[in-house]
Amino acid sequence: MGSQAGSRRPFPFASPLSFRREHEPINARETAAPPIQARGLLKSFGGIPVVRGIDFDVLHGECLGLLGPNGAGKTTTLHMIACYVRMDAGQLLVFDMDPRRAPREIKRRLGVVPQEDSLDPDLTVERNLTVYAAYFDIPRAQAEERAAQLLRFVQLEDRAREPIRHLSGGMRRRLSLARALISNPKLLLLDEPTTGLDPQARHLVWQKLRGLRQGGVTMLLTTHYMEEAAQLCDRVLVLDRGEVIARGTPADLVRDHVGREVIEIHSAPELSPELVTRLEELADRVERSGDTIHLYFRDGRSPAAALPLLERLDFSQRKATLEDVFLRLTGRELRD
Amino acid sequence: MLAARRVWQRNFESWKRFYRASLVGNVLDPVLYFVAMGYGLGAFVRPIQGEPYLSFIAPGLLAGVAMNSAAFENTIGSFTRMEEQKTFKSILMTPVSITELALGEILWGASKSLLAATIFLAIIAATGLWHSPLDLLLLPLAFLVGLLFGAMALCWTALSPSYDFFNYFFTLVVSVMFLFSGIFFPVESLPDWASAAAWLLPLTHAVDMARALHRGELTSALVPDLLWLLTAAALFSWLAARLLERRLVR
Ligand SMILES: Nc1ncnc2c1ncn2[C@@H]1O[C@H](COP(=O)(O)OP(=O)(O)OP(=O)(O)O)[C@@H](O)[C@H]1O
Ligand SMILES: [Mg+2]
């Protein structure tokens with residue numbers, strides 16, 4: 001992350017790069033066909049629709065985030081792009097090619113970090129990379145060199161000769177990322193790449209992914225960590241029950257759907273009805289869930305006016321985040 | 001189709017790490033058969049078609065062992081790679097196609113058959129049963145048997161919801177073939193209907209060929225058996241790829 005002070009809209013988690021598209025002239029590279037063009041994607045499993053007509057493009061060099069509750073259809077969408085699930089209807093072009101006609105050509109350009117761990121337990125850490133490289137017809141010597149580089153990249157070089165079962169969950173995740181990178185892909189499909197990582201490892205992976213994006217790699221990423229989406233994604237798509245329910249830059253989504261500031265009051269039951277009414281007048285929106293009350297303030301309104309009313313209460317004030325957007329759009333009830 | 005060898009190589013890499021343990025089985029298996037069937041049972045059995053019992057059963061047993069190896073590799077082995085280890089899924093995310101994946105698995109199963117048959121042949125030679133250089137042709141035959149049964153096994157794997165279903169495969173397919181394909185007695189000695197049914201068993205054709213080769217008879221009489229095996233191997237390989245596709249690519 002560079003300095004946020006330079007960006008015009010203050011937003012705690014957005015990388016300055018997320019505004020690139022708006023401030024920079026469109027260059028020649030970006031006028032080429034987008035790496036992924038999806039129109040009206042449709043997929044059912046056993047008669048139950050799970051992806052219901054979604055449209056999106058992933059542009060050159062951008063990172064598009066796919067957000068959504070469990071079962072929203074994120075993995076299924078990624079699988080359609082990876083030629084692993086066949087769409088029932090719609091149009092999908094990956095590098096201008098149809099997955100039904102040219103799966104090999106598409107997959108040659110793709111790096112995939114699957115949601116489920118699928119490292120090869122029969123092979124050592126290093127062999128996981130070189131054997132995977134062989135699937136891409138990368139010559140042995142080159143594969144070994146690249147494997148060594150990538151192990152350094154994800155900081156697993158000390159583990160090269162160990163079996164997979166000696167690795168912790170987070171190390172496996174990092175190795176999955178290294179494996180996806182072995183063929184120098186132009187497009188990365190990342191299905192929850194940091195699930196199960198400790199904060200250090202997560203920040204390491206974020207840093208690596210940002211580096212890759214700056215190197216021109218296009219990414220489509222799913223995640224349940226809203227901070228991750230805000231950190232990495234130029235734009236996000238919120239899916240729910242197989243449909244796109246919102247899209248935009250993280251900053252725009254936050255501004256449009258929740259506003260700027262949030263006050264969380266943790267002891268809702270202690271609040272008198274009169275106080276709640278008063279707060280409702282001051283805030284743009286008041287939302288109650290369990291024993292927490294959320295007050296949302298848009299640009300025009302200031303939370304300062306509410307503070308004196310909350311003196312004795314257990315509350316906290318913070319900036320609105322993508323997480324607020326997500327909960328606002330998809331509700332607070334559990335899915336699945 | 002070339003990428004099938006990448007899948008083969010992956011299995012070879014994995015096998016290399018544990019090969020000593022699996023070689024023990026490859027050696028012990030034929031030795032046990034020889035001792036039990038040849039020296040034990042054989043002591044009570046008259047020569048068949050002019051051959052001592054051990055010499056009569058040896059080539060058929062080699063074909064049977066080849067069948068077992070591939071059948072095992074492409075059921076338990078392939079199923080583990082597919083379901084437990086998610087190896088097939090990760091391979092399908094690479095340029096390798098599902099047909100190449102299936103072929104690579106089948107070729108690997110056949111390679112295990114070839115290995116088992118090579119060890120078996122060495123034991124045949126060591127026990128003084130070696131007849132002629134034609135015995136060497138038992139090895140490509142074992143590879144072909146491996147292709148056929150590997151393909152059949154992979155079809156079963158693609159249809160199996162769990163490991164339990166392999167019991168049916170081993171009882172209904174593998175054991176039946178092992179007992180009724182003419183390894184231990186000439187198929188002609190069965191009632192007519194049964195010997196006609198035996199013709200339908202793929203292993204019968206392999207045992208016929210193996211026995212003829214062992215006797216030094218390389219004649220055009222083997223051509224129908226050979227065609228039978230080649231055709232069945234090709235058909236089942238194609239079917240295995242389609243069934244895997246149906247299971248994995250939703
Ligand atoms: N192979 C399958 N057969 C039947 N149903 C499936 C299959 N794969 C996915 N589904 C169903 O499709 C829906 C979408 O699943 P998907 O994996 O795409 O969700 P997701 O957004 O990735 O969820 P999560 O955040 O939990 O990973 C779910 O209801 C799931 O049960
Ligand atoms: Mg998922």
Side-chain angles (χ1 to χ4, degrees), chain A residues 43-46 50 75-76 78-88 99-100 102-124 126-128 130-138 140 143 161 163-165 176 179-180 182-183 185 188-189 191, chain B residues 1-22 73-74 76-105 107-109 111-112 161 241-250:
Chain A
K43 180 69 193 177
S44 304
F45 287 118
V50 299
T75 299
T76 307
L78 251 49
H79 279 166
M80 286 192 264
I81 295 160
C83 315
Y84 187 69
V85 162
R86 295 199 182 97
M87 61 193 181
D88 298 335
R100 287 165 298 198
R104 193 191 301 270
E105 285 309 303
I106 290 174
K107 290 192 287 178
R108 199 183 293 291
R109 294 165 172 77
L110 224 57
V112 184
V113 176
Q115 179 174 1
E116 250 183 321
D117 187 12
S118 71
L119 294 167
D120 201 322
D122 292 346
L123 306 174
T124 62
E126 187 202 13
R127 281 279 170 269
N128 257 278
T130 55
V131 165
Y132 202 77
Y135 300 140
F136 288 85
D137 276 333
I138 297 169
R140 183 67 173 253
R161 293 187 193 291
I164 297 300
R165 76 189 131 81
S176 293
R179 190 180 70 167
I182 196 89
S183 58
L188 268 181
L189 303 180
D191 202 347
Chain B
M1 288 311 127
L2 278 178
R5 75 175 189 275
R6 304 303 185 192
V7 177
W8 187 96
Q9 277 166 358
R10 180 260 157 227
N11 289 338
F12 180 64
E13 286 282 345
S14 145
W15 177 82
K16 267 198 315 199
R17 292 186 66 212
F18 306 107
Y19 76 97
R20 282 186 200 87
S22 67
E73 186 58 37
N74 288 132
I76 311 288
S78 296
F79 193 80
T80 303
R81 289 189 278 279
M82 174 170 70
E83 289 296 319
E84 306 281 307
Q85 306 185 172
K86 311 289 175 204
T87 310
F88 288 8
K89 182 174 172 185
S90 31
I91 290 177
L92 290 176
M93 301 280 174
T94 72
V96 179
S97 72
I98 192 122
T99 305
E100 290 163 334
L101 168 61
L103 285 182
E105 282 288 309
L107 283 169
W108 175 246
S111 304
K112 296 288 282 284
R242 298 291 69 81
L243 290 173
L244 269 187
E245 184 170 26
R246 204 187 64 167
R247 177 179 184 129
L248 295 176
V249 183
R250 302 295 308 270

Using heavy-atom distances under 4.5 Å, tell me whether [X] contacts chain B through its side chain, its backbone, both, or neither.
X: A:Ser183; answer: neither
X: A:Leu189; answer: neither
X: A:Asp117; answer: backbone

Q. Does some side-chain heavy atom of A:Pro114 sit less than 4.5 Å from a side-chain heavy atom of B:Lys86?
A. no
Nearest 0.5 angstrom please: [X] [atom1] to [Y] [atom2], how far?
X: A:Tyr135; Y: B:Leu92; atom1: OH; atom2: CG; value: 10.0 Å
X: A:Ile164; Y: B:Gln85; atom1: CD1; atom2: CD; value: 11.0 Å
X: A:Tyr132; Y: B:Ile91; atom1: OH; atom2: CD1; value: 9.5 Å

If I compare all heavy atoms of [X] with all of [Y], which pair ends up nearest, and what's the gap?
X: B:Arg10; Y: A:Asp122; result: NH2-OD2, 3.1 Å
X: B:Arg17; Y: A:Pro121; result: NH1-O, 4.1 Å
X: B:Ser90; Y: A:Ser118; result: OG-O, 3.3 Å
X: B:Arg250; Y: A:Lys43; result: O-NZ, 3.3 Å

**Q.** Most chain B-contacting option - heavy-atom pairs closer than 4.5 Å, from A:Glu105, A:Arg127, A:Arg109
**A.** A:Arg127
Q: Identify which of A:Ile106, A:Leu123, A:Val85 forms the greatest number of heavy-atom pairs closer than 4.5 Å to chain B.
A: A:Leu123
**Q.** Short N-O contact, B:Glu13 and A:Arg140, less than 4.0 angstrom
**A.** yes
Q) Between A:Asp120 and B:Arg81, is the closest basic N to carboxylate O distance under 4.0 Å? A) no
Q: Return yes when atom CZ of B:Arg246 has more than 12 non-hydrogen atoms of other residues, nucleotides or ligands closer than 6.0 Å, and no otherwise.
A: no
(Q) Determine whether a donor-acceptor pair (N or O, by modelled atom type, separation under 3.5 Å) exists between the side chain of A:Arg108 and the backbone of B:Pro95. (A) no
Q) Does B:Arg6 use its side chain to pair, donor to acceptor, with the backbone of A:Ala134 at less than 3.5 Å? A) yes
Q | When B:Val96, B:Thr94, B:Val249 are compared by non-hydrogen pairs under 4.5 Å with chain A, the top option | A | B:Thr94
**Q.** Heavy-atom proximity to chain A below 4.5 Å, by part of B:Thr87
**A.** side chain
Q. Non-hydrogen atoms of chain A under 4.5 Å away: do they reach the side chain of B:Glu100, the backbone, both or neither?
A. side chain
Q: Determine, step by step, whether A:Arg179 and B:Met93 satisfy the side-chain contact (heavy atoms from CB on, under 4.5 Å) criterion, reporting the C-alpha distance in whole Å, the side-chain angles of both residues, the deciding distance to 0.1 Å, and the verdict.
A: CA-CA 11 Å; A:Arg179 190 180 70 167; B:Met93 301 280 174; over 6 Å; no
